[in-house]
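This report refers to the structure that appears directly beneath it.
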Amino acid sequence: SDSDFTYNYDTRVLRFGDGDQGAVPQAGDSIYAVYCPSPDVSHFSSGESESLDTPLGIAARWNNSHGWYDIYVADAGNDRIVKLRFIPPSPGHQATIQWVTSIDEAVSGSPFSMLTDLDVLQNSSDGKVYLFVCDSGNDRIMVYRDHSAERNGDGGPATPIAYASFGRGGSGLGSFD
């Protein structure tokens, strides 16, 4: 049987036959196809609240306790930090990306403004996980602790907790301009 086909990822059209080798199936023929998109060709968003708008920074760390990557995204257009989980492929399982949680404000009542970058680090001595965020519109760097990503964490959707803040507008010591 012929198995030549092309798939257009932009239009999501599966075309049988290439004009030389394959042929368009005849009327009445049965076609069986299995399609499993990988994360690099799938559209992540399943709803408006999960849509990214101008992601400017990304940081990832391998979560050895759970066997996945914790991914943090500076979602500048939505003024928030998004936490995702990437589970690599394994025998019999496709790779998956899952929405975990988002942080919409630096501290209570103080929204982010123009997030530009972030980084995540795990302290090798005590296993604590810290997230460092450039909140450029507010001239500050925010530091969060992500308990759920730590060795004893449950890996769940708990939002990272604001741990420290540094900076303010201006040109003096501790200021960003």
Side-chain angles (χ1 to χ4, degrees), residues 9-10 12 37-89 94-177:
Y9 289 99
D10 295 325
R12 297 183 180 187
S38 63
D40 60 334
V41 297
S42 66
H43 292 278
F44 170 74
S45 175
S46 62
E48 190 166 322
S49 66
E50 295 179 358
S51 296
L52 298 175
D53 181 7
T54 318
L56 292 180
I58 186 169
R61 64 170 284 280
W62 175 251
N63 188 320
N64 204 39
S65 299
H66 297 288
W68 62 56
Y69 287 93
D70 293 315
I71 301 173
Y72 304 86
V73 180
D75 186 12
N78 289 317
D79 290 324
R80 67 180 175 186
I81 300 163
V82 172
K83 182 179 177 184
L84 307 170
R85 176 180 302 138
F86 173 69
I87 303 171
Q94 293 287 328
T96 58
I97 296 176
Q98 300 170 345
W99 181 275
V100 178
T101 191
S102 64
I103 308 169
D104 298 318
E105 54 189 17
V107 290
S108 183
S110 178
F112 290 120
S113 175
M114 202 170 68
L115 297 172
T116 54
D117 204 4
L118 47 78
D119 198 6
V120 62
L121 298 171
Q122 182 168 6
N123 185 320
S124 60
S125 63
D126 62 11
K128 293 178 181 174
V129 175
Y130 295 98
L131 181 64
F132 301 85
V133 180
C134 293
D135 186 10
S136 298
N138 290 314
D139 299 311
R140 65 182 170 196
I141 296 171
M142 293 295 303
V143 181
Y144 292 86
R145 182 168 169 206
D146 191 354
H147 293 274
S148 68
E150 295 175 2
R151 291 181 192 147
N152 297 325
D154 62 4
T159 302
I161 298 168
Y163 194 74
S165 175
F166 176 78
R168 62 185 181 275
S171 59
L173 183 61
S175 302
F176 296 102
D177 191 16

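Only a predicted model underlies this, so the values are computations on that prediction, with no experimental measurement involved. Starting from 1, each residue takes its place in the sequence as its number.
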| said: side chain to side chain contact (heavy atoms under 4.5 Å, CB included), that's the test. Do Leu115 and Asp135 meet it? Break it down for me. | reply: CA-CA 5 Å; Leu115 297 172; Asp135 186 10; 4.1 Å; yes
| Heavy atoms, side chains only, cut-off 4.5 Å: are Tyr72 and Ile58 in contact? | no
| query | In terms of ring plane angle, is the pair His66 and Trp68 parallel, tilted or perpendicular, where the classes change at 30° and 60°? | reply | parallel
| task | Evaluate the side chain to side chain contact (heavy atoms under 4.5 Å, CB included) criterion for residues Ser110 and Met142: first the C-alpha distance (whole Å), next the side-chain angles of each, then the deciding distance (0.1 Å), finally the verdict. | result | CA-CA 12 Å; Ser110 178; Met142 293 295 303; over 6 Å; no
| query | With sequence neighbours left out, what residues match Gln122 under side-chain contact (heavy atoms from CB on, under 4.5 Å)? | reply | Arg61, Val129, Arg151
| query | Are the side chains of Leu131 and Asp146 in touch, meaning some heavy atoms are under 4.5 Å apart? | reply | no
| query | Do Ile81 and Val73 have side-chain heavy atoms sitting under 4.5 Å apart? | reply | no
I'd like a table of donor-acceptor pairs (distance under 3.5 Å, sequence neighbours excluded) in which one partner is a side-chain atom from residues 158-166, with atom names and distances.
residue, atom, partner, partner atom, Å
Thr159, OG1, Thr101, OG1, 3.3

| task | Please test Tyr130 against Val120 for side chain to side chain contact (heavy atoms under 4.5 Å, CB included), starting from the C-alpha separation and ending with a verdict. | result | CA-CA 6 Å; Tyr130 295 98; Val120 62; over 6 Å; no
| said: Ring-plane angle category for Phe86 and Tyr69, please: parallel below 30°, perpendicular beyond 60°, tilted otherwise. | reply: tilted
| field | Closest non-hydrogen atom pair, Val82 against Trp99 | value | CG1-CZ3, 3.5 Å
| said: Take a 6.0 Å sphere around CG of Asp126 and say whether it holds more than 12 heavy atoms from other residues, nucleotides or ligands. | reply: yes
| remark: All heavy atoms of Asn78 vs all of Ser51, minimum pair found to be ND2-O, 3.0 Å
| request: Tell me, please, which residues at least two apart from Arg85 pass salt bridge (charged side-chain N to carboxylate O under 4.0 Å, His left out). | output: none
| query | How about Asp79 and Pro111: do any of their side-chain heavy atoms sit closer than 4.5 Å? | reply | no
| Shortest non-hydrogen contact from Lys83 to Asp70? | CE-OD1, 3.8 Å
